[in-house]
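First up is the structure itself, then whatever we jot down about it.
Quantities reported herein were computed from a predicted structural model and do not represent experimental measurements.
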Amino acid sequence: MLSEALTAGKFVVTSEIGPPKGVDTKEILSEAEFFKGRVEAVNVTDLQSSVMKLGSLATCRLLVENGLEPVFQVTCRDRNRLALQSDILSAYVLGIRNLLILTGDHPKLGDDPRAKPVFDLDSVQLLEAVKKLQEGEDMAGNKLEGEPPEFFVGAVVNPGADPIEPQIIKMEKKIKAGAQFFQTQAVYEPEKFAQFMDRVKGFGVPVLAGIVLLKSAGMARYMNKNVSGVHVPDPIIQDMEKVEKEKRGEKSVEIAARLIRELKGLCQGVHIMPLGWGDKVPKVLE
C-alpha cells in the first residue's frame, strides 16, 4: 500500500493515467498493465486541464478490479460541497483508499469554455472536509452512519514557483487540514528542488517529485511559456532537439531516469506523469 510504503521510508514511485474521452477503456487498461509490480499506486486525473472525459471515480474502480492501487484525484472545480463529499464516500465504498485533493484548472482553459466553474470549496477546505468525514461527520456536522471512512490523503505543491513563500504557506495550511503526502508539479531543476526541500524538511510529510516525460522540444518550450513554476533548462531542450523524431521516446526515458537519480536523495519518491506513454515507465525505472 502507498501509505505503508511511505511510512516505512521506502523510496516510492507512483504514476498516472488519464481517462479516455468516451467509454472505451481498453487503451487505458492496457497502459495500466505496464505499471503492475513497478509502481506503488496510480493516479487517475479528474478532467485534467478542464477537458471533459470519463470520470476519475469510475476509472479508479476499474484499476481496483485489475489489481492496481489507485489514487483518486478530486478537484473542486466541478462539484459543490455536497457532491464532493458524496463522491469521496462513494470512493471508499468502491475500495479506493487514496485521495489527491486539488483546486482544479478553470473551465475557460478546457475544451468547452462555456462550462460554469463551481469552486464551492478550495483545496484546503476540501482537505478539512475529508478530515471531518474521517471523524464521522459531514461538513454540516451531521453524523455519518456506520464506521467512518479512512483515507490516505495527498495534496499538491509547486516547488518551482517564484516567489516560493506562498506555496510554502499553503503547504503548511494543507498539512494542518489533513494532507499526509504531497506530489509536486514537474521538476526539471534538481538544484532548485533541493532548495525547496531544504525549506520544507521540517514539515515531516513525504514529498513525491513530479516527473513529466517530455515528448518534444516544442512541448518543453510550451511548458516554459505556459505552465507556472515549471522551467525546462536549455540543455534538456537541446538534447531533445538533437534526436530524430523516432528516437524522442528513448531520449525522454534517458532524461527522466537521470532526473530521478539526481532527485533520489532529496525526497521520499517520484510521481511519473507519462501523458499516454505508460509503456515508457518500466524503461525509466530500469
Heavy atoms only: give me the nearest V130-F151 pair and the separation to one decimal. CG1-CD1, 4.4 Å

F35 versus P274: any side-chain heavy-atom pair under 4.5 Å? yes

Interatomic distance, D122 atom CG to Q125 atom CD [nearest 0.5 angstrom]: 4.0 Å

Quick one: pull up NZ in K173 and OG in S123 and give me the separation to the nearest 0.5 Å. 10.0 Å

Single-linkage hydrophobic cluster, 4.5 Å side-chain cutoff, V71 and I175 together: no

When you look at CD of E27, are more than 12 heavy atoms from neighbouring residues, nucleotides or ligands closer to it than 6.0 Å? no

Can you tell me if S252 uses its side chain to pair, donor with acceptor, with the backbone of R248 under 3.5 Å? no

From L89 atom CG to L84 atom CG, the distance as rounded to the nearest 0.5 Å: 11.0 Å

For V153, is there any backbone N or O sitting under 3.5 Å from a side-chain donor or acceptor partner on Q180? yes

Just by distance, do the side chain of S50 and the backbone of L109 share a donor-acceptor pair under 3.5 Å? no

Quick check: is I236 connected to F193 through a chain of hydrophobic side chains (ILVMFWY, heavy atoms under 4.5 Å apart)? yes

Return the minimal non-hydrogen interatomic distance between A115 and P107, and the atom names on each side. O-CB, 3.6 Å

Looking at G154 and L127, what are the two nearest heavy atoms and their distance? O-CD2, 4.2 Å

Any donor and acceptor pair, going by atom type alone, linking the side chain of T184 with main-chain N or O of V157 inside 3.5 Å? no

With a 4.5 Å heavy-atom cut-off, do D138 and L82 have their side chains touching? no

E246, CD atom: more than 12 neighbouring heavy atoms under 6.0 Å: yes

Minimal non-hydrogen separation, C76 against L126, with atom names: SG-CD2, 3.8 Å

Checking side chain to side chain donor-acceptor pair (under 3.5 Å) for the pair T75/D46: CA distance, chi angles, key distance, verdict? CA-CA 7 Å; T75 65; D46 182 15; 3.0 Å; yes

Quick one: is the NZ or CZ of K264 closer than 6.0 Å to the six-membered ring centre of F11, and within 45° of its axis? yes

Verify, without hydrogens or angle tests, whether E137 (side chain) and K143 (backbone) share a donor-acceptor contact under 3.5 angstrom. no

Note: R77-D105 ion pair, threshold 4.0 Å (strictly below): no

Output, in order, the C-alpha distance, side-chain angles, deciding distance and verdict of side-chain contact (heavy atoms from CB on, under 4.5 Å) for I211 and L263. CA-CA 10 Å; I211 302 289; L263 294 167; 3.7 Å; yes

Check K36 with E33, please: is the shortest side-chain N to carboxylate O separation under 4.0 Å? yes

Please, which pairs that meet salt bridge (Lys or Arg N to Asp or Glu O under 4.0 Å) have at least one residue in residues 198-220, sequence neighbours excluded? E165-R199, D198-K201

Would you mind reporting whether R38 and P282 have side-chain heavy atoms less than 4.5 Å apart? yes

Check for a donor-acceptor pair, side chain of N224 on one end and backbone N or O of V232 on the other, with a separation under 3.5 Å. yes

Might you work through the side-chain contact (heavy atoms from CB on, under 4.5 Å) test for V205 and F182, ending with a clear yes or no? CA-CA 7 Å; V205 176; F182 283 84; 3.7 Å; yes

Is the backbone N or O of K26 less than 3.5 Å from a side-chain atom of S30, with the two atoms forming a donor-acceptor pair by type? no

State, to 0.1 Å, how close V212 and Y188 come at their nearest heavy-atom pair, and which atoms those are. O-OH, 2.8 Å

Distance in Å, C60 SG paired with E69 CD, rounded so as to fall on 0.5 Å steps: 10.5 Å

If you define the side chain from C-beta out and look only at heavy atoms, does anything of E250 sit under 4.5 Å from V253? no

I need the full list of side chain to side chain donor-acceptor pair (under 3.5 Å) pairs touching residues 273-285, with sequence neighbours left out, sorted by first then second residue. none

Going from CD on E128 to CG on L133, what distance comes out if it is rounded to the nearest 0.5 angstrom? 12.0 Å

Backbone of M219 reached by a side-chain donor or acceptor of S216 within 3.5 Å: yes

About how many Å separate OG1 of T103 and CG of L121, when rounded to the nearest 0.5 Å? 9.5 Å

Would you check, one step at a time, whether the test side-chain contact (heavy atoms from CB on, under 4.5 Å) holds for M52 with D112? CA-CA 8 Å; M52 194 290 295; D112 190 348; over 6 Å; no

Identify whether F72 and I101 are in the same connected component of the hydrophobic contact network (ILVMFWY, side-chain heavy atoms under 4.5 Å). yes

V39 side chain near T14 side chain, heavy-atom distance below 4.5 Å: no

Do R97 and Y92 meet the cation-pi criteria used here (NZ or CZ under 6.0 Å from the six-membered ring centre, within 45° of the axis)? yes

Using modelled atom types only, decide if a donor and an acceptor are shared between the side chain of N98 and the backbone of P70 within a distance under 3.5 Å. yes

E135 and K132 ion-paired at < 4.0 Å: no

Is there a path from L208 to L275 through hydrophobic residues (I, L, V, M, F, W, Y) whose side chains come within less than 4.5 Å of each other? no

In sequence, state the C-alpha distance, the side-chain angles, and the governing distance for D78 and K116, and then conclude on salt bridge (Lys or Arg N to Asp or Glu O under 4.0 Å). CA-CA 8 Å; D78 306 308; K116 288 183 171 62; over 6 Å; no

Side chain proximity check, K21 to L54, heavy atoms < 4.5 angstrom: no

Any donor-acceptor N/O pair, Q185 side chain to G229 backbone, under 3.5 Å: no

For residues N158 and Q167, report the shortest heavy-atom separation together with the two atoms involved. N-OE1, 2.8 Å

Report yes if some heavy atom in the side chain of V74 is under 4.5 Å from a heavy atom in the side chain of D87; otherwise report no. no

Please say whether more than 12 non-hydrogen atoms of neighbouring residues, nucleotides or ligands are located less than 6.0 Å from CD in E65. yes

Which of these, T59, L63, V44, sits in a side-chain contact (heavy atoms from CB on, under 4.5 Å) with I28? T59

Let's go through I237 and D234 carefully: what are the C-alpha distance in whole Å and the side-chain angles of both, what is the deciding distance for side-chain contact (heavy atoms from CB on, under 4.5 Å) to 0.1 Å, and is it a yes or a no? CA-CA 5 Å; I237 295 175; D234 288 340; 4.2 Å; yes

Below 4.5 Å, heavy atoms only, C-beta onward: do S49 and D111 meet side chain to side chain? no

Which residue is it: M273, Q73, E16? I am looking for the one with a side-chain contact (heavy atoms from CB on, under 4.5 Å) to Q48. E16

Spell out, yes or no, whether V12 and V42 are grouped together once hydrophobic residues are joined by side-chain heavy atoms under 4.5 Å, including indirect joins. no

